[in-house]
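In what follows, a single structure is set out as structure tokens and then discussed.
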Amino acid sequence: MNTSEDISGNDVAFFKNYIPMQPSAIAKATVTIALYIVTNIMNGMLIFTYFKHPIFYENSRYVLFVHLVINDVFELSVALTLHIWSEVKPFIFVPVCYFYLILAVNTTLNTPLNLAVMCLERYIAICYPLRHSQICSLQRTYIAIGVIWFIGFIPPITDLFIVLAVEQTSFFSTSIYCLRENFFRVSYQYDKRVFIKTLYFSVVWLVIVCTYLRIMFAARSASSSEKTSAKKARNTILLHGLQLLLAMLTFIAPFTENFFWSFPSGMLLDLHYVRYFLVYIIPRTLSPVIYGLRDENFRKHLKGHLPCFQNPVAPSKAAGNHSSGK
């Protein structure tokens, strides 16, 4: 089996000199795994707190938030698996590779769509408070999450159909360097990817900007008590914009491939690691801090599950008097 036929000439030249699991690769994998564990411990505490208290999973806002957290866990896990696998053994069995790519693409596209829905929920809560429970019911929230996943499946599944139509069956019994670009068989697949990314971010940015402006205008005419809620919602949407900027790094990453090949082959692994670290690790590490720990309800209930924040209960005077009476 000639696996080099499945990748580009640049890839072949690079992997001829590739020696897996160099000391630097072990060091990078150690740092990545350590941050992965820390991030998922924080995400795990948020998910545990969410399911522990009905106040959260009966509220559409928190349902959308915990879906974002769970999606981050999946995305980070898939990215880490592919990263370590590429360090140990660059070539992956085609069906296994494409299974992971479907999950990677889907969870990546889910993030901006989920942020857009979260912004719309805050907009309705501030501008239409009396209709919020009706419009943002739990049933509609779960339907919105289902639609998000369905939309995220469309790009990788259509690419798979193209590969099935173009390639022979024997291709799926080979191994390949696991990049989505290595499954592009016709030129319009690249155009489709650019179009989808442009459409996604144009729609999401439009939603964020419009909801922010509408909430800002509503805050001007609101009463003093309502101004506080409007200000919090406006700040939340700004944070959604920050998270979207971080998410956009993922979409910019494929366009750096040609730029990377202009560097010496000895620097390629380090450059790919830096990109991977900035694109996948950092945004998912900041996500639970930006949202979960900032929210007052989450912070209050989260502290109740952390021993270091639990205050010892002092014995009452009555109990003390009763003891002395004995």
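Along the sequence shown, the residues carry numbers beginning at 1. All values below come from the heavy atoms of this structure, side chains included, with hydrogens, waters and symmetry mates left out.
Both V31 and M42 sit in one connected hydrophobic cluster of ILVMFWY residues. Membership requires side-chain heavy atoms under 4.5 Å apart, directly or through other members. Residues V203 and L113 share a single hydrophobic cluster, defined by chaining ILVMFWY side chains whose heavy atoms lie under 4.5 Å apart. Under the 4.5 Å side-chain heavy-atom criterion for grouping Ile, Leu, Val, Met, Phe, Trp and Tyr, I157 is not connected to Y188 through any hydrophobic cluster. Note on F161 and V166: separate hydrophobic clusters, where clusters join Ile, Leu, Val, Met, Phe, Trp and Tyr whose side-chain heavy atoms are under 4.5 Å apart, directly or indirectly. Criterion: ILVMFWY side-chain heavy atoms under 4.5 Å apart, direct or through other members. Under it, F195 and L206 are not part of a common hydrophobic cluster.
A distance-only check finds no donor-acceptor pair linking the side chain of S137 to the backbone of S133 [under 3.5 Å]. Remark: the backbone N or O of C119 is not paired with any side-chain donor or acceptor of Y212 at under 3.5 angstrom. A donor-acceptor pair is defined here as one N or O able to donate and one able to accept, closer than 3.5 Å; such a pair exists between the side chain of T158 and the backbone of P155. Remark: the backbone N or O of Y36 is not paired with any side-chain donor or acceptor of T39 at under 3.5 angstrom. Between the Y98 side chain and the L160 main chain, a donor and an acceptor come within less than 3.5 Å of each other.
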What's the verdict on side-chain contact (heavy atoms from CB on, under 4.5 Å) for V78 and T107, showing C-alpha distance, side-chain angles and the deciding distance? CA-CA 9 Å; V78 171; T107 52; 5.6 Å; no
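The SG atom of C210 sits 11.5 Å away from the CD1 atom of I215 when rounded to the nearest 0.5 Å. To the nearest 0.5 Å, atom CZ of residue R61 and atom OG1 of residue T141 are 13.0 Å apart. From F93, atom CZ reaches atom OG1 of T174 across 7.5 Å, with rounding to the nearest 0.5 Å. Distance CD1/I208 to CE/M118: 10.5 Å, rounded to 0.5 Å. To the nearest 0.5 Å, atoms CG (D159) and CD1 (I154) are separated by 12.0 Å. Here CG of L164 is found 8.5 Å from OG1 of T169. Values are rounded to the nearest 0.5 Å.
What you find for V163 and F183 is that their closest heavy atoms are CG2-O, 3.2 Å. Heavy atoms only, all atoms of each residue included: V94 and F171 are closest at CG2-O, 3.5 Å. Between A116 and V207, the closest heavy-atom pair is O-CG1, 3.6 Å. Residue F201 comes nearest to P112 through the heavy atom pair CE2-CB, 4.5 Å, listed as atom of the first residue, atom of the second, then distance. Contact detail for F65 and L46: the closest heavy-atom pair is CZ-CD1, 3.9 Å. Looking at every heavy atom in both residues, G152 comes nearest to L109 through O-CD1, 3.9 Å.
Contact annotation: the side chain of N71 never approaches that of N114 to less than 4.5 Å [non-hydrogen atoms, C-beta and beyond]. Side-chain contact between I70 and Y50 is absent, with no heavy atoms from C-beta onward closer than 4.5 Å. Side-chain atoms of T211 and I126, non-hydrogen and from C-beta on, never get closer than 4.5 Å to each other. In this structure, the side chains of C178 and V96 stay at 4.5 Å or more apart for every pair of heavy atoms. Using a 4.5 Å heavy-atom cutoff, the side chains of H132 and S60 are in contact. A 4.5 Å side-chain heavy-atom check between V63 and I145 finds at least one atom pair inside the cut-off. At a threshold of 4.5 Å between non-hydrogen side-chain atoms, the residues I124 and R131 do not count as touching.
Geometric assessment of R193 against the ring of F184 yields a negative cation-pi assignment under the 6.0 Å and 45° thresholds.
Between F56 and H53, the two ring planes are perpendicular [angle over 60°; tilted spans 30° to 60°].
Within 6.0 Å of OH on Y57 lie more than 12 heavy atoms contributed by other residues, nucleotides or ligands. Other residues, nucleotides and ligands contribute only 12 or fewer heavy atoms inside 6.0 Å of the CZ atom of R214. When the shell of 6.0 Å around CZ of F99 is examined, it contains 12 or fewer heavy atoms from other residues, nucleotides or ligands.
E75 pairs with exactly one of N110, N106, T108 by the side-chain hydrogen bond (donor to acceptor under 3.5 Å, both in side chains) rule, that one being T108. Of the residues listed (L115, L120, V117), the one engaging L64 in a side chain to side chain contact (heavy atoms under 4.5 Å, CB included) is V117, and it is the only one.
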